[in-house]
Student: 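Handing you a structure now.
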Amino acid sequence: MLLPALPGHPHFSYQGNALFAEAVRVSELAATYGTPLFIYSKAAMLSALAAYQRGFEGRDAQICYAMKANSSLAVLQVFARADCGFDIVSGGELERVQAAGGDVGKVIFSGVGKTQAEMRQALAAGIGCFNVESEAELDVLSGVALAMGMRAPVSIRVNPNVDPKTHPYISTGLKGNKFGVAHEDAVRIYRHAASLDGLKVVGIDCHIGSQITEVTPYLDAMDRVLDLVAAIEDAGIALAHIDFGGGLGIDYNHDTPPEADALWRQLLAKLDARGYGGRKLMIEPGRSLVGNAGVCITEVLYLKPGEQKNFCIIDAAMNDLPRPAMYQAFHAIVPVEPRVPQAETLVYDVVGPVCESGDWIGRDRALNVAAGDQLAVMSAGAYCMSMASNYNTRGRAAELLVDGDVARLIRARESAADTFRGELLLP
Ligand SMILES: *Cc1c(COP(=O)(O)O)cnc(C)c1O
């Protein structure tokens with residue numbers, strides 16, 4: 001029989017008629033741990049990381065995993081043990097790095113709205129660098145550092161303003177979004193940073209967007225950033241490192257992003273050609289390290305045929321898998337153990353139990369399913385659990401990390417009591 005293809009997921013496969021995560025049968029995990037259930041492949045994470053490591057072989061480069069993509073402690077441990085630093089966006093994420101045994105000296109702190117308390121926390125911990133996103137933040141950070149008798153290591157996030165007409169899908173590296181400082185203002189703002197006693201300028205950074213599937217925007221952004229590096233260093237301010245951010249896409253639905261090593265072959269060639277090949281490099285990949293390392297297993301609760309639409313109602317919902325509701329994003333949905341013999345498929349909207357019309361996981365999907373069947377929502381390793389909520393007082397799902405033939409529970413399923421811990425009754 002014809003089994004569904006699993007593009008982008010080399011560590012998940014059908015063996016016989018059953019979906020496996022590495023060497024573990026998924027239906028057995030679902031029977032043991034219940035659904036909805038996130039299953040991650042450690043080998044998939046490490047092979048995604050290895051593509052970057054190959055790309056940077058022989059270079060002075062630091063990979064800082066952008067942990068907002070998936071900040072579960074055991075996932076952080078996998079990357080910490082593989083020598084990664086972390087790109088964080090909150091004081092809470094810093095505490096997660098510490099709890100997972102990560103190297104705080106390899107932490108970079110991004111984000112447009114750092115509080116003074118978060119700055120103090122990060123300075124006291126000794127993080128590697130603050131990626132500062134505005135002039136006002138520079139002044140506040142300098143003051144906070146001076147009050148602690150310190151100098152804060154800073155890099156300024158510049159906005160390369162890569163031409164939207166050429167690359168209309170890029171969402172964070174354009175004028176008119178809240179991230180970074182404008183290209184035209186960068187040299188002036190660097191001069192200001194260098195004049196502040198509480199700061200030590202160490203680098204420059206950019207991050208142009210997410211789910212980028214082409215090389216050209218990266219090449220364009222690199223040119224723009226290197227122009228600034230030259231101008232800033234002409235002004236007498238040395239930049240020890242250049243950070244090119246994250247953003248590399250994954251295959252959700254016939255997407256064809258470059259491999260990380262192929263991308264960096266081209267980028268490093270440009271860097272060499274422009275004379276910056278020996279500079280310390282940093283990158284902040286998130287999605288591309290974990291997105292296709294995870295799936296979410298869910299059970300079909302009801303089939304609900306309708307005049308205009310058939311609905312396949314599953315036990316996972318927008319609180320577990322927020323990307324379709326938030327961005328109309330696509331996740332492939334495949335049967336965990338396809339029915340044999342295959343009856344005719346029907347076209348369904350796959351929806352969750354949450355009381356919102358936005359609670360859909362997939363639209364117009366041809367499936368051959370019955371109530372009680374399990375489905376795998378693919379590409380669920382990034383921006384799913386880390387964005388999960390307790391809406392409708394649904395406890396967050398359990399998570400497993402598979403390593404070869406061993407599956408380890410890395411997050412227990414939340415109970416209802418877990419979801420209202422910390423709430424106080426009136427007297
Ligand atoms: C989100 C984010 C990243 C990671 O983006 P991905 O698309 O997941 O690779 C990197 N850097 C910054 C500053 C971010 O905000």
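Both counts, for ligands and for their atoms, begin at 1 and track the order of listing.
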Student: Do Tyr391 and Glu356 get their side chains close enough for a donor-acceptor pair, meaning under 3.5 Å?
Tutor: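 Judged by distance alone, the side chains do pair up.
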Student: Tabulated below should be the N or O atoms of ligand 1 paired with protein N or O atoms at under 3.5 Å; can you produce that?
Tutor:
unit_1   : atom_1 : unit_2 : atom_2 : d
ligand 1 : 7 (O)  : Ser210 : OG     : 2.3
ligand 1 : 8 (O)  : Arg287 : N      : 2.8
ligand 1 : 8 (O)  : Tyr383 : OH     : 2.6
ligand 1 : 9 (O)  : Gly247 : N      : 2.8
ligand 1 : 9 (O)  : Gly286 : N      : 2.9
ligand 1 : 11 (N) : Glu284 : OE1    : 2.6
ligand 1 : 15 (O) : Lys68  : NZ     : 2.8

Student: Take Arg279 and His241 through the test side chain to side chain donor-acceptor pair (under 3.5 Å) and record every step on the way to the result.
Tutor: CA-CA 6 Å; Arg279 195 67 59 111; His241 77 251; over 6 Å; no
Student: Sequence neighbours excluded, which residues qualify as side chain to side chain donor-acceptor pair (under 3.5 Å) partners of Asp103?
Tutor: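 For Asp103 there are no side chain to side chain donor-acceptor pair (under 3.5 Å) partners, ignoring immediate neighbours.
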Student: Pick from Val225, Leu226, Leu219: which one makes a side-chain contact (heavy atoms from CB on, under 4.5 Å) with Met222?
Tutor: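 It is Leu226, the one option of Val225, Leu226, Leu219 that forms the side-chain contact (heavy atoms from CB on, under 4.5 Å) with Met222.
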Student: Is the positively charged end of Arg365 above the ring of Phe330, judged by distance under 6.0 angstrom from the centroid and angle within 45° of the axis?
Tutor: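 Positive - Arg365 is close enough to the ring of Phe330 and near enough to its axis.
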Student: Less than 6.0 Å separating the ring centroids of Phe56 and Trp264?
Tutor: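 Ring centres of Trp264 and Phe56 closer than 6.0 Å.
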